[in-house]
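Report on one structure; see the data block that follows.
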Amino acid sequence: MNYKKLAESIQGTSVPKPASGTLSGHAAGEPFDKHVYAELKRQFPDNAYRQYEYLNDLYSRNPSVIGFRARQELFDSPTVLFLLSRGKNATDQWNIENPFDEKQNDTADILVAKNGFYEIIDIKTRNISKKAQPPNIISAFKLAQVCARMLDNQDYDRFAIHYFEVDWELEGDRLVCRHASSACLFKAQPSDLYINWAAAMQIQFHVRDLDQGFDGSMQDWAVVYLKHFVEQAKKRADDMIKKFVIPFEKYIA
């Protein structure tokens with residue numbers, strides 16, 4: 001994936017202003033999400049998918065493979081399986097007449113699957129005319145589970161997680177991309193990732209501002225992140241006990 005080329009192709013383009021809803025969050029993000037997908041589909045017509053499209057394609061190409069357990073075996077990477085697959089009931093019930101639909105909480109907005117490698121791409125948008133806190137990126141707990149699977153299975157070279165940010169401004173009835181940027185999660189310093197425990201344990205950052213200075217291996221990244229996550233979780237637990245337990249224990253002693 002040439003993310004510089006992708007950014008250059010998106011920068012300066014525009015999408016229609018949403019007919020309803022506020023100019024933030026999903027209302028503004030969805031048109032640019034589809035815009036970026038259309039560009040990637042143009043560049044990789046046989047390899048770019050929405051996550052649900054990939055699963056539908058994978059299962060339809062293997063009609064004799066039926067049921068959750070058997071369909072799990074279609075993934076060579078346990079970590080990719082964890083990131084992309086749907087739950088047991090949904091997978092058991094899948095068939096040509098009952099395909100998957102898109103889910104807002106899918107890990108990948110866009111998936112480029114080629115030669116056994118999976119580029120998992122999440123699209124983020126930013127209204128640069130307003131100040132806003134960094135968006136939710138991924139659950140810190142889910143990422144810890146990803147790291148554990150990588151380490152358990154020595155599964156380091158089958159996938160990457162990238163974030164692509166579109167910085168836009170309103171111009172008339174169009175949202176115009178002023179700047180586009182990308183960042184690889186596994187090039188960020190794991191110990192610097194901010195976990196907002198009050199926001200469903202979400203890691204939060206602006207893609208454009210994410211440091212890309214980590215030069216260790218994927219294995220190194222997983223170990224450093226898990227150390228960071230455990231330390232932060234312990235601190236959070238201690239803070240919760242001090243604030244919400246100790247002041248009230250005297251009443252129930």
Shortest non-hydrogen contact from [X] to [Y]?
X	Y	answer
Ile120	Ala108	CG2-CB, 3.7 Å
Ile66	Pro63	CG1-O, 3.8 Å
Lys41	Ala48	NZ-O, 2.7 Å
Pro16	Leu175	O-CG, 4.4 Å
Leu185	Tyr163	CB-CE1, 4.0 Å

Drop me the distance from [X]'s [atom1] to [Y]'s [atom2], to the nearest 0.5 angstrom.
X	Y	atom1	atom2	answer
Leu170	Ser129	CG	OG	7.5 Å
Ile121	Cys184	CD1	SG	11.0 Å
Ser77	Arg149	OG	CZ	10.5 Å
Glu119	Leu111	CD	CG	9.0 Å
Arg69	Gln72	CZ	CD	5.5 Å
Tyr54	Phe100	OH	CZ	13.0 Å

Check for me, please, whether [X] and [Y] land in the same ILVMFWY cluster - side-chain distances under 4.5 Å, paths through other members count.
X	Y	value
Phe244	Ile241	no
Phe117	Leu6	no
Tyr37	Tyr52	no
Leu40	Ile123	yes
Val112	Val207	no

I'd like to check the side-chain contact (heavy atoms from CB on, under 4.5 Å) partners of [X]; sequence neighbours left out, ordered by chain and number.
X	result
Leu210	Ala183, Ala188, Leu193, Phe205, Gln212
Asp220	Phe214, Ser217
Val65	Asn62, Ala70, Arg71, Leu74
Arg61	Asp57, Leu58

With sequence neighbours left out, what residues match [X] under side-chain hydrogen bond (donor to acceptor under 3.5 Å, both in side chains)?
X	result
Lys114	none
His35	Thr13
Ser14	Arg174
Glu171	Arg178

Subject >> Test salt bridge (Lys or Arg N to Asp or Glu O under 4.0 Å) applied to Arg50 and Glu102, step by step >> reply: CA-CA 8 Å; Arg50 310 298 291 186; Glu102 191 157 21; 2.8 Å; yes
**OP:** Indicate whether the side chain of Tyr3 and that of Glu8 have a donor and an acceptor atom separated by less than 3.5 Å.
**Re:**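 Tyr3 vs Glu8: no donor-acceptor pair found between side chains.
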**OP:** Classify the side-chain pair Gln154/Tyr156 by whether it contains a donor and acceptor separated by less than 3.5 Å.
**Re:**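 Distance-only check passes for Gln154 and Tyr156.
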Does [X] reach the side chain of [Y], with side-chain heavy atoms less than 4.5 Å apart?
X	Y	answer
Trp168	Asn127	yes
Ile110	Tyr49	no
Lys4	Ser182	no
Arg158	Asp76	yes
Met150	Phe186	yes
Trp221	Cys147	yes
Phe44	Met1	yes
Val36	Val166	yes

Original post:
How far apart are the C-alpha atoms of Gln189 and Tyr225, what are their side-chain angles, what is the distance that settles it, and do they pass the side-chain hydrogen bond (donor to acceptor under 3.5 Å, both in side chains) test?
Top reply: CA-CA 8 Å; Gln189 293 290 348; Tyr225 174 76; over 6 Å; no
**OP:** Measure from the side-chain N and O atoms of Asn196 to the backbone N and O of Ala198, and report whether any donor-acceptor pair falls under 3.5 Å.
**Re:**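 Yes, Asn196 side chain to Ala198 backbone: donor-acceptor pair under 3.5 Å.
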Original post:
Is atom CG of Asn105 surrounded by more than 12 heavy atoms (other residues, nucleotides or ligands) closer than 6.0 Å?
Top reply: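 Yes - once you tally the heavy atoms of other residues, nucleotides and ligands closer than 6.0 Å, there are more than 12.
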Expected list for residues 231-240: side-chain donor-acceptor pairs under 3.5 angstrom, two or more places apart:
residue	atom	partner	partner atom	Å
Lys235	NZ	Asp239	OD2	3.1

Please report, to 0.1 Å, the donor-acceptor pairs under 3.5 Å made by any side chain of residues 78-95, with sequence neighbours excluded.
residue	atom	partner	partner atom	Å
Thr79	OG1	Asp155	OD2	2.7
Ser85	OG	Leu81	O	2.6
Arg86	NE	Asp106	OD1	3.4
Arg86	NH1	Asp101	O	3.3
Arg86	NH2	Asp101	O	2.8
Arg86	NH2	Asp106	OD1	3.3
Arg86	NH2	Asp106	OD2	3.1
Lys88	NZ	Asp92	OD2	2.8
Thr91	OG1	Arg86	O	3.3
Thr91	OG1	Gly87	O	2.8
Asp92	OD1	Phe68	N	2.6
Trp94	NE1	Asn56	OD1	2.8
Asn95	OD1	Glu97	N	2.9
Asn95	OD1	Asn98	N	2.7

Give every donor-acceptor pair under 3.5 Å between a side-chain atom in residues 131-141 and any protein atom, sequence neighbours left out.
residue	atom	partner	partner atom	Å
Asn136	OD1	Gln204	NE2	2.8
Ser139	OG	Phe141	N	3.2
Ser139	OG	Lys142	N	3.1

**OP:** Provide the full list of salt bridge (Lys or Arg N to Asp or Glu O under 4.0 Å) pairs with a residue in residues 200-215, sequence neighbours left out, each pair given once.
**Re:**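 Sorted result for residues 200-215: Arg126-Asp209, Asp167-Arg208.
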Original post:
Can Leu151 and Gln219 be said to form a side chain to side chain contact (heavy atoms under 4.5 Å, CB included), step by step?
Top reply: CA-CA 7 Å; Leu151 294 168; Gln219 181 178 6; 3.9 Å; yes
Original post:
Taking the six-membered ring for Trp, is the centroid-to-centroid distance between Tyr118 and Phe159 below 6.0 Å?
Top reply: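 Between Tyr118 and Phe159, the centre distance exceeds or equals 6.0 Å.
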**OP:** Start with the C-alpha distance between Ser181 and His179, add both sets of side-chain angles, then the distance that settles side chain to side chain contact (heavy atoms under 4.5 Å, CB included), and finish with yes or no.
**Re:** CA-CA 7 Å; Ser181 54; His179 183 269; 3.6 Å; yes
